[in-house]
Amino acid sequence: MKNFVILGGGYGGLTIIKELLEGKIPSDTQIVLVDRSPFQGLKTEYYALAAGTVSDYDLRIQFPVHEKVTYRYGEVTSIDLEQRQIEFEGQDPLEYDKLVIGLGCTDRFHNTPGAEEYSCTIQSFSKTRETYLRLNEVKAYGHVHIVGGGLSGVEMAAELRESRPDLNISILDRGERVLSAFPQRLSAYVHEWFNEHQVETRGHVAISRLEGNAIYNRDEEILTDAVVWTAGIQPVKVVQDLDVTKDPQGRVVLNEYYQIPEYTDVYVVGDCASVPYAPSGQAAEVQGEQIAHIQHALWKGEKPNPQPLKLRGTLGALGKKAGFGLMGKTSMMGRVPRILKSGVLWMSKRHLG
Ligand SMILES: Cc1cc2nc3c(=O)[nH]c(=O)nc-3n(C[C@H](O)[C@H](O)[C@H](O)COP(=O)(O)OP(=O)(O)OC[C@H]3O[C@@H](n4cnc5c(N)ncnc54)[C@H](O)[C@@H]3O)c2cc1C
């Protein structure tokens, strides 16, 4: 039997499985999905798990049950591209004939001393559970700082405000404004929402180090009860360790079929893949669809015809009642984008689950 191994049952990996199962898989091939968890964690909602407004159970999607798919649950420690083998913590290695790497991303701390040690993260399910405990055990009227005013930092701060009206909450960003990658109008709306909800937004903060109860903005000491780091991402360590060509964000550079050029039996999907978009669940899904189409064509002995990746836009939440969105050049603000975001989540649960 040939092993078509998929590392990571996230947005990218699971989409590939769904799409592969829609077509004919050769009788001598089985799909092996590898993940540390026996379910998908809906990462786009981790901010709500950390804030305590949704339960762990609400964010799990069960993996598909199908005769062509088997599972290996464990912690991947390395990939040997020469020997075509996956190494695990405390388990036998797994050999592959074809491989998909879809292990997602982790925080990028920009070499800031103390950042990894003293801040909480929302980049993995288990670490987000720890963040939930940490944030919800902050004493009444304590002060939580969110480092990074991008999409996940903004959603984190807004959801925490909903969960803990007593807390002092600040977003610290090195740029001038929150959501700096979005149009000024949209960023101004979010800034105003934070003003109304007593969330401080501070720009031009250059964090030089973190300690147990303090953040240092160059020489200024900012006392804190908890810090959530949302100031940058990079592919997970297993991918960081791969000796292949990467882009400036550390993502693996690929050929037109999303394969590693020197190892064409290996696809890379999602946050680990160098595609012309910022990492997102949506990009991972559309790229996953393309990879499945390419693989089906190869199985049929046809020339694959990959299509350009088309993204629909971005939606963000400001608690459960307000939100914002960017569809092409159109900015959306208020209740409608929030309803749309809930709808997308509902569809995503139905599609993936
Ligand atoms: C708070 C927040 C909000 C976001 N909001 C949005 C949004 O609104 N829209 C959007 O499109 N995107 C959003 N994103 C980004 C989106 O979540 C990611 O881009 C997306 O999850 C990437 O999909 P992926 O398949 O590459 O990896 P993931 O979905 O992260 O899946 C990776 C899988 O690999 C497994 N894994 C990782 N390492 C190992 C290992 N060593 N051993 C075994 N298993 C391993 C993990 O358990 C996981 O199941 C948000 C992210 C965050 C953190």
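Order of appearance sets the numbers: ligands from 1, and atoms from 1 within every ligand. One-based numbering along the sequence shown.
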Around [atom], find the nearest protein heavy atom and jot down its residue, atom name and distance.
{"atom": "atom 4 (C) of ligand 1", "result": "T44 CA, 3.6 Å"}
{"atom": "atom 37 (C) of ligand 1", "result": "L103 O, 3.1 Å"}
{"atom": "atom 25 (O) of ligand 1", "result": "G12 N, 2.8 Å"}
{"atom": "atom 31 (O) of ligand 1", "result": "G10 CA, 3.2 Å"}
{"atom": "atom 39 (C) of ligand 1", "result": "R36 NH2, 3.4 Å"}
{"atom": "atom 51 (C) of ligand 1", "result": "K43 O, 4.2 Å"}
{"atom": "atom 8 (O) of ligand 1", "result": "K341 NZ, 3.3 Å"}

For the residue pair Q287 / Y277, report whether a side-chain donor-acceptor contact shorter than 3.5 Å exists. no
So, Q91 and R72: side-chain donor and acceptor under 3.5 Å apart, yes or no? yes
Of D271, L315, I122, V228, the residue with the heavy atom nearest atom 53 (C) of ligand 1 is I122
Out of A278, G102, G150, the nearest non-hydrogen contact to atom 32 (C) of ligand 1 is supplied by G102
Flag the pair [X] and [Y] as a salt bridge only when some basic side-chain nitrogen lies within less than 4.0 angstrom of an acidic carboxylate oxygen.
{"X": "E95", "Y": "R84", "value": "no"}
{"X": "K237", "Y": "D241", "value": "yes"}
{"X": "K98", "Y": "D265", "value": "no"}
{"X": "K139", "Y": "D225", "value": "yes"}
{"X": "R202", "Y": "D173", "value": "no"}
{"X": "E289", "Y": "K18", "value": "no"}
{"X": "E211", "Y": "R209", "value": "yes"}
{"X": "E155", "Y": "K341", "value": "yes"}

Does ligand 1 come near enough to [X] that some N or O of the ligand is less than 3.5 Å from an N or O of the residue?
{"X": "S152", "value": "no"}
{"X": "E75", "value": "yes"}
{"X": "G281", "value": "yes"}
{"X": "V76", "value": "yes"}
{"X": "D35", "value": "yes"}

[X] neighbourhood, listing ligand 1 atoms whose heavy-atom distance to it stays under 4.0 Å:
{"X": "G270", "answer": "26 (O)"}
{"X": "G104", "answer": "26 (O), 27 (O), 30 (O), 32 (C)"}
{"X": "P279", "answer": "19 (O)"}
{"X": "G8", "answer": "33 (C), 34 (O)"}
{"X": "E155", "answer": "3 (C), 5 (N)"}
{"X": "A284", "answer": "23 (O)"}

As a test of understanding, state which of M332, Q184, M333 forms a side-chain contact (heavy atoms from CB on, under 4.5 Å) with Y189. M333
When the aromatic ring centroids of W299 and F4 are compared, is their separation below 6.0 Å? yes
Measuring centre to centre across the rings, with the benzene-like ring taken for any Trp, is F125 within less than 6.0 Å of F39? yes
Taking non-hydrogen atoms only, is Q40 closer than 4.0 angstrom to ligand 1 via side chain, backbone, both or neither? neither
Heavy-atom contacts under 4.0 Å between Y11 and ligand 1: side chain, backbone, both, or neither? both
Is the closest heavy-atom distance from G74 to ligand 1 below 4.0 Å? yes
Is the closest heavy atom of E45 to ligand 1 under 4.0 Å? no
With a distance cut-off below 6.0 Å to the six-membered ring centre and an angular limit of 45° from the axis, does R36 pair with Y73 as a cation-pi contact? no
